[in-house]
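All remarks here apply to the structure that follows.
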Amino acid sequence: MIRGVAVDRGPTRASAMRTCLIPVPFLLWLPLSLACCALPAADALPDWMRALQPQSDSWKKSKQELVFNNQAEPETLDPTIMKGVLESRIGIALFEGLVGYDPKTLEARPGVATSWTVSDDHLVYTFNLRPDACWSDGSPLTARDFARSWQRAITPATAAEYVYQFYPIVGAEDFFLGKLSDFSKVGIEVVDDHTIRTRLRAPCPYFLDLVAFTTLMPVPVDRVQKFGERWVLPENILGNGPFKLASWERGKGIEMVPNEHYWDRAHVRLTKITARPYDKDEIAYQLYLDNKLDWIPSVPVAKIDEIKRNPDFYAYPFLGSGFYRFNCTKPPFNDARVRKAFSLAIDRKTITEHVLRAGEVPATWFVPDIGPKVGGYRHVKGLAEDRELARTLLAECSYPAPGRPSFKTKPFPPVELLYNTSENNKAIAEAIVSQWKDALGVTVTLRNSEWKVYLADMDALKFDVCRGSWVGDYNDANTFLDMFVTNGGNNRTGWSNTDYDRLVGESQREGDPAKRLVLLQRLERILVEEQFPIMPIYIYVNKGMLRERVHGWYDNVRDLHPFQYMWIEE
C-alpha cells in the first residue's frame with residue numbers, strides 16, 4: 001500500500017551514493033533570504049521532494065486534520081531520552097535532527113543541515129546548517145545548540161538509554177563512562193554558528209541514520225535546566241520540528257499544530273494532528289470503524305480475519321523482532337540451560353499461524369535479513385523446537401521435568417511473565433505459557449502493566465520473563481546486536497558476556513565488510529544458540545488500518561511516517 005504520489009524518476013545522486021555507502025553532499029536549494037522560514041520556489045525543489053507533493057490542489061478542499069491511535073501515553077516527549085516507537089512518532093513531529101528520513105526510501109534527507117561532506121577516509125562529517133534554522137518560538141537554532149544537546153545526551157546523569165548511538169564519535173563513550181572529563185576532547189566541533197563537525201573513531205556506514213535518530217535531535221538546553229522534566233509540557237516546550245505541541249491531556253491525547261517557524265512550513269499541509277493513547281486494540285478498532293480515527297498502527301488479533309477483508313487493512317515487511325527477555329540475574333534464569341530449555345519448548349509456527357495470523361515469520365533467530373544495502377547480512381539459524389532436549393536440560397539443572405527420573409533436588413521457583421497492556425501481547429503470552437506448561441510442566445503467571453510502568457519495571461529488572469520487541473533504528477544488523485553489551489541501556493536482561501562485548505567492539509571497528517558480517521553472525525549465535533538472554537519468537541509484519549483519504553503515508557520497513565509529508569484528500 002502506498003498513499004501518496006509515486007513518481008518514477010530513476011536513482012537520484014543521493015540514492016546512488018547511498019548504495020555505495022559513501023554519503024556525499026546533496027545538491028540542494030539556497031535559501032531566498034536569511035529570515036526564518038525562507039522557502040524555495042516550487043520549481044527549485046529537489047527531485048525527491050517534488051515527488052512527495054500532491055499532483056493537484058484538490059487537497060485544499062478537505063479539512064487537514066489527522067487523528068490516529070498512538071497506543072499508549074508517551075513516557076516522555078524529550079527526544080534525548082525517548083526509547084519507544086510510540087514516543088518517536090511524536091518526536092519526529094516536534095523535533096528535527098541535522099538530517100531526516102525520506103518517507104518512501106528512508107534515505108537520509110536534509111533536515112536542519114542543508115548539506116554535508118564526508119572526508120575520504122569516512123571519518124569526518126561536516127554538516128552545514130541552515131542560516132535560517134529556528135526554534136518554534138522564532139529564536140535562532142545554531143550548531144552550538146546541537147553540541148550542547150549532544151553533551152547533555154552523553155552525560156551519565158541524563159540517563160539516555162540510547163547513549164550508545166553516539167559511540168561511533170571519538171571520545172563519546174569514554175566521556176559517558178567517566179574516562180574522559182573534557183568534552184572538548186570528544187569528536188564534536190562547532191566550527192561556527194552554522195557548521196558542526198564530527199570525527200568518528202572508525203568508518204560507520206550507518207552514521208547518517210544515527211544523526212537522524214531522535215537521541216541526536218536538538219533540545220533547548222537552557223529550558224531543560226530551568227524547568228527540569230517539566231520542560232516538555234505545552235507551556236514550556238520548544239522544538240524545531242514541522243509541528244509544535246498545542247496540548248497534552250493525559251488519557252485523552254496529544255494535539256500538535258504546524259510550527260510557523262519551521263524552515264519548510266510552506267509544504268506542511270496538516271493543520272492539526274491528534275494522537276490518542278488507547279492501549280486496547282479493540283477500542284481503537286471500534287473507533288476506527290466509527291470514523292473517529294484515521295490510522296491505527298495495530299489491530300486486534302482476535303478479529304484479524306474480519307479485518308483482512310477491509311480494504312483499509314495493510315500488512316508489509318517490518319524491520320522488527322518479537323521476543324522475550326529473561327532476567328539473567330536470578331534463579332531460575334541465571335542458568336543458561338534453563339533459558340535454553342524455555343526457548344526449545346515453544347512452537348513458534350503455532351504462534352504466528354494461529355494467534356497472530358497476519359504473515360509474521362516464526363523465528364529462532366533475532367536479526368531480520370537486512371538486505372544488500374549493508375552487505376547482505378543473513379541471520380543465523382538458531383535452535384528449532386526440541387521438547388525432549390528442553391526436558392533433559394531442566395532435569396540436568398535438578399528441576400522436575402515431565403518424563404524424566406525424579407532425581408530432582410529443588411522445586412521449580414515461581415515464574416511471572418510481564419507484558420505491556422495489549423490484546424495482542426496477552427494472546428501471545430497465554431499461548432506461550434500454555435506451551436511451557438505442556439512441554440515442561442512449569443506454571444508461569446501473567447502480569448500486564450500500562451506502558452510507563454512496564455518500561456520502568458523492565459529497566460529495573462522487576463520481572464522473570466518479559467515481553468520484548470525491537471524495531472531497527474537503522475538498516476544494519478548492528479542495531480539489533482549492540483544493545484546487549486554489558487550494562488547497555490537497552491539490554492534489560494542483566495546478562496553480561498565479555499566475549500560478546502569484545503566482539504561488538506571489533507565489529508564496529510572492522511572496515512572489511514565480509515569480515516564484519518562474520519563477526520555480526522558470531523554475535524547473533526551467542527545470543528540465540530549459546531547464551532539465550534533472549535528468546536526469539538517471530539519477525540514482525542507491520543499491520544494496521546489507514547483511510548484512503550490519508551496521503552503521503554508510505555510503506556517502509558521501519559514504520560517511519562513523517563507527518564510533514566502527509567495530507568488529507570477526500
*Measure the acute angle between the ring planes of Trp451 and Tyr454, then classify it against the limits of 30° and 60° as parallel, tilted or perpendicular.*
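Because their plane-to-plane angle lies in the 30° to 60° range, the rings of Trp451 and Tyr454 count as tilted.
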Under the ring-ring contact (aromatic ring centres under 6.0 Å, His included) rule, collect the residues that match up with [X], sequence neighbours excluded.
X	answer
Tyr101	none
Phe95	none
Trp135	none
Phe484	Phe366

*What pairs with Lys292 under side-chain hydrogen bond (donor to acceptor under 3.5 Å, both in side chains), at least two apart in sequence or on another chain?*
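Testing Lys292 for side-chain hydrogen bond (donor to acceptor under 3.5 Å, both in side chains), a comparison that skips the adjacent residues, returns none.
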*Taking side-chain hydrogen bond (donor to acceptor under 3.5 Å, both in side chains) as the test, write out the residues that go with Tyr162, two or more places apart.*
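For Tyr162 there are no side-chain hydrogen bond (donor to acceptor under 3.5 Å, both in side chains) partners, ignoring immediate neighbours.
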_Partner of Tyr324 under side chain to side chain contact (heavy atoms under 4.5 Å, CB included), chosen from Leu418, Ile534, Ile432_ =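 Of the listed options, the one satisfying the test is Ile432.
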Can [X] and [Y] be counted as an ion pair, charged N to O under 4.0 angstrom?
X	Y	answer
Lys349	Glu385	no
Arg325	Asp464	no
Asp459	Lys83	yes
Glu161	Arg492	yes
Glu450	Lys452	no
Lys280	Glu282	no
Asp457	Arg447	yes

*asked:* For Phe342 and Trp436: C-alpha separation, side-chain torsions, deciding distance, then whether ring pair (Phe, Tyr, Trp, His ring centres under 6.0 Å) applies.
replied: CA-CA 7 Å; Phe342 270 60; Trp436 282 335; 4.8 Å; yes
Polar side chain donor-acceptor pair, [X] to [Y], under 3.5 angstrom:
X	Y	value
Asn491	Thr493	yes
Glu229	Trp231	no
Trp553	Tyr314	no
Tyr377	Glu524	yes
Arg276	Asn69	no
Asn291	Arg547	yes
Ser247	Glu249	no
Ser139	Asp137	yes

*asked:* Could you check whether any side-chain heavy atom of Glu96 comes within less than 4.5 Å of a side-chain heavy atom of Tyr262, counting everything from C-beta outward?
replied: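 A side-chain contact exists here, since the closest heavy-atom pair is under 4.5 Å.
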*Given side-chain contact (heavy atoms from CB on, under 4.5 Å), test Arg348 with Ser343 step by step and report yes or no.*
CA-CA 10 Å; Arg348 294 161 172 85; Ser343 186; 3.0 Å; yes
*Any chance you could lay out the side-chain contact (heavy atoms from CB on, under 4.5 Å) test for Gln165 and Tyr474, step after step, and finish with the verdict?*
CA-CA 11 Å; Gln165 305 287 44; Tyr474 43 88; 3.8 Å; yes
*Point-to-point distance, once rounded to the nearest 0.5 Å, from CG of Asn327 to CZ of Arg339*: 10.0 Å
*Compute both the distance and the angle, then confirm whether Arg130 meets the cation-pi test with Trp263: under 6.0 Å from the six-membered ring centre, within 45 degrees of the axis.*
yes
*Would you please indicate yes or no on a ring centroid separation below 6.0 angstrom for Tyr540 and Tyr538?*
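Yes, ring centres under 6.0 Å apart.
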*Any chance you could lay out the salt bridge (Lys or Arg N to Asp or Glu O under 4.0 Å) test for Glu260 and Lys244, step after step, and finish with the verdict?*
CA-CA 9 Å; Glu260 63 270 28; Lys244 62 183 182 180; 2.8 Å; yes
